[in-house]
Amino acid sequence: MPRSEPIKAVRGVRDILPADLPRWRAAEQAARDVGHRFGYEEIVTPVLEHAELIERVGEDTDAVAKELYRFDDRGGRNLALRPEATAGVVRAYFEGGLNQGPQPSRLYLIGPMFRYDRPQKGRYRQFYQFNVEAIGGAEPALDSEVIELADAWLDEVGLGDLRLELNSIGDAKCRPAYLERLKAYYRPLKDQLHGECQLRLERNPLRLLDCKVPQCQPFKKDAPRITDFLCDECSAHWTSVLRLLDAASLEYVLNPYLVRGLDYYTRTVFEFYPGGASGQQDALASGGRYDGLAEAEGWPATPGVGFAGGVDRVTELMPIDSIPAKPPLDVLVIPDGDLAIEAAEVARICRAVGAVAVDYAPKSLKAKMRSANKLGARWVVLLTPDEAKRRVAQLRDMSSGDQVELDWVELPTRLA
Ligand code: HAM
């Protein structure tokens, strides 16, 4: 027989093994708790969306132009694996009639996103987000509310040392004039910019500001700043957001170069980074206001604001002591001999009070006791053919080594 190579995981995606899962569950539980405390309800939307939904909201963004997992299904529909959740949540808000209920609709979603990015630590092709949206409200208090929620979640998972960066990128009223100024500033410098920035200059000039390539850096400091060109409404909104954050004692750094990768943002944009460290890092959570998104999707104009936290990145940084230590197993049932039916029954009885597994393997008692130790079982229930006939078993406390004979029916009371 020809030997075939084992088939490994797809590049850029990961398994989350049992040893890592407690961190994930802790991060998710904290997300649900914090979401609930802020009055947000959970929503689940499909991983599959029409590619057009995603394209309409961000043709010029990397996540769409370069990183979208797009394919035709068997019926010839052009579909995409969602690269982010906001477009789908806004779609669901209208399709599900949430726009008819009390406003704003406060929603959160936890789930996988997909981007065909270059895989590296903290950057995966399938990754998970805690995504929060307040849809149907234009108040600056909602901007500060979602920022406070993000901060509360990161704090809850033990990442209280953070740097919050903030900017306003105006709206459809004031941004076009600013972009003209920005282009006018950069045009004479075009030849000195790196290739992609030369293209951005006419197509997506805002992205010139968050370019990380060294040769483009010297020009940023004299570039016009959008916060100097906000219209009256955007300016009032911006001032209110800052006042609200001050009142919430949330510290922030104003970053005039923060523009965000997705096209749909208006006014407030923000990113949370791990505190302390400097240099180029990955954001732990990021978001902003998107007052033009609903209309871009073809729905009535509706304001919204939100963020998404990266569960992968957060779990990689979570301090160990923020994860509840829980042994995987309370009881291991160890039958001595061919006692599968009886051992399964004992396990069934014990499951009333805890996590129970059976070691069915045909190996020595000594080897099975070693497994019980490795699994961290608190108790072992030993079963011989003679005991099974009498419907009794030996209950052994693994930490003290004490052992007693008990009727099977007595086991749950002893284990509880
Ligand atoms: P985003 O900045 O593209 O925004 O992603 C949000 C967060 O997801 C990032 O801060 C990061 O923690 C995590 N993330 C992004 N890409 C990856 C990746 N390849 N691997 C691991 N983690 C990643 C959005 O997605 C917006 N929809 C956020 C939003 C919600 N804005 C308004 N509402």
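We're numbering straight along the sequence, starting at 1. One-based numbering, in listed order, for ligands and for the atoms of each.
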Worksheet entry | ligand 1 atoms in contact with G310 (distance to a heavy atom under 4.0 Å) | 12 (O), 13 (C)
Item to complete: Quick one: look up the protein heavy atom nearest atom 20 (N) of ligand 1 and list residue, atom name and how far away it is.
Response: Y124 N, 3.0 Å
Item to complete: Using a 4.0 Å heavy-atom cut-off, say whether E133 meets ligand 1 through its side chain, its backbone, both or neither.
Response: side chain
Worksheet entry | Region of R313 that comes within reach of ligand 1 [heavy atoms, distance under 4.0 Å] | side chain
Fill in: Atoms in ligand 1 flagged as close to G287, the criterion being non-hydrogen separation under 4.0 Å
31 (N)
Fill in: For atom 10 (O) of ligand 1, the protein heavy atom that lies nearest, with its residue and separation
S286 OG, 2.7 Å
Practice prompt. Counting heavy atoms only, name the option from F307, F130, Y128, F127 that's nearest to atom 15 (C) of ligand 1.
Written response: F127
Discussion item. Under the criterion side-chain contact (heavy atoms from CB on, under 4.5 Å), I'd like the reasoning laid out for V90 against E133: C-alpha separation, chi angles, the key distance, then a yes or no.
Written reply: CA-CA 9 Å; V90 168; E133 314 289 357; over 6 Å; no
Discussion item. Under the side chain to side chain contact (heavy atoms under 4.5 Å, CB included) test against P140, which residue among L242, L245, V305, L244 passes?
Written reply: L244
Fill in: N78 (side chain) donor-acceptor with A51 (main chain) under 3.5 angstrom
no
Worksheet entry | Atoms in ligand 1 flagged as close to A285, the criterion being non-hydrogen separation under 4.0 Å | 10 (O)
Worksheet item: In terms of ring plane angle, is the pair Y178 and F229 parallel, tilted or perpendicular, where the classes change at 30° and 60°?
Response: tilted
Fill in: Minimum heavy-atom distance between Y360 and A343, given as atom pair plus value
CE2-CB, 4.5 Å
Worksheet item: Do ligand 1 and R115 have nitrogen or oxygen atoms that lie under 3.5 Å from each other?
Response: yes
Practice prompt. Within a distance under 4.0 Å of any heavy atom of L284, pick out the atoms of ligand 1 and give their elements.
Written response: 10 (O), 12 (O)
Worksheet item: Non-hydrogen atoms of Y264 versus ligand 1: any pair closer than 4.0 Å?
Response: yes
Worksheet item: Among F114, Y290, Y265, which residue places a heavy atom closest to atom 26 (C) of ligand 1?
Response: Y265
Worksheet item: So, for G170 and R175, which heavy atoms are closest and what is the spacing to 0.1 Å?
Response: O-NH2, 3.4 Å
Response to the item:
Honestly, for Q129 the part within reach of ligand 1 (heavy atoms, under 4.0 Å) is side chain
Worksheet item: With no hydrogens and no angle check, is any side-chain donor or acceptor of T266 less than 3.5 Å from a backbone partner on D291?
Response: yes
Worksheet item: Between the side chain of R106 and the main-chain N/O of G39, is any donor-acceptor distance below 3.5 Å?
Response: no
Item to complete: Would you mind checking which non-hydrogen protein atom is closest to atom 24 (C) of ligand 1, with the distance to 0.1 Å?
Response: L262 CD1, 3.6 Å
Item to complete: Could you see which bit of N131 sits under 4.0 Å from ligand 1, with heavy atoms only: side chain, backbone, both or neither?
Response: side chain
Practice prompt. Please report which non-hydrogen protein atom sits nearest to atom 21 (C) of ligand 1, along with the residue it belongs to and the distance in Å to one decimal place.
Written response: G122 O, 3.3 Å
Worksheet item: Under 4.0 Å from any heavy atom of A308, which atoms of ligand 1 are there?
Response: 6 (C), 7 (C), 28 (C), 29 (C), 30 (C)
Fill in: R289 side chain to P303 backbone, donor-acceptor under 3.5 Å
no
Worksheet item: Any idea how F307 and F270 line up, ring-wise: parallel (<30°), tilted (30 to 60°), or perpendicular (>60°)?
Response: tilted
Worksheet item: Are there more than 12 heavy atoms of other residues, nucleotides or ligands under 6.0 Å from atom CD of Q403?
Response: yes
Practice prompt. Please state whether R260 comes within less than 4.0 angstrom of ligand 1, counting heavy atoms only.
Written response: yes
Worksheet item: Relative to the heavy atoms of E84, which atoms of ligand 1 are at a distance of less than 4.0 Å?
Response: 25 (O), 26 (C), 27 (N)
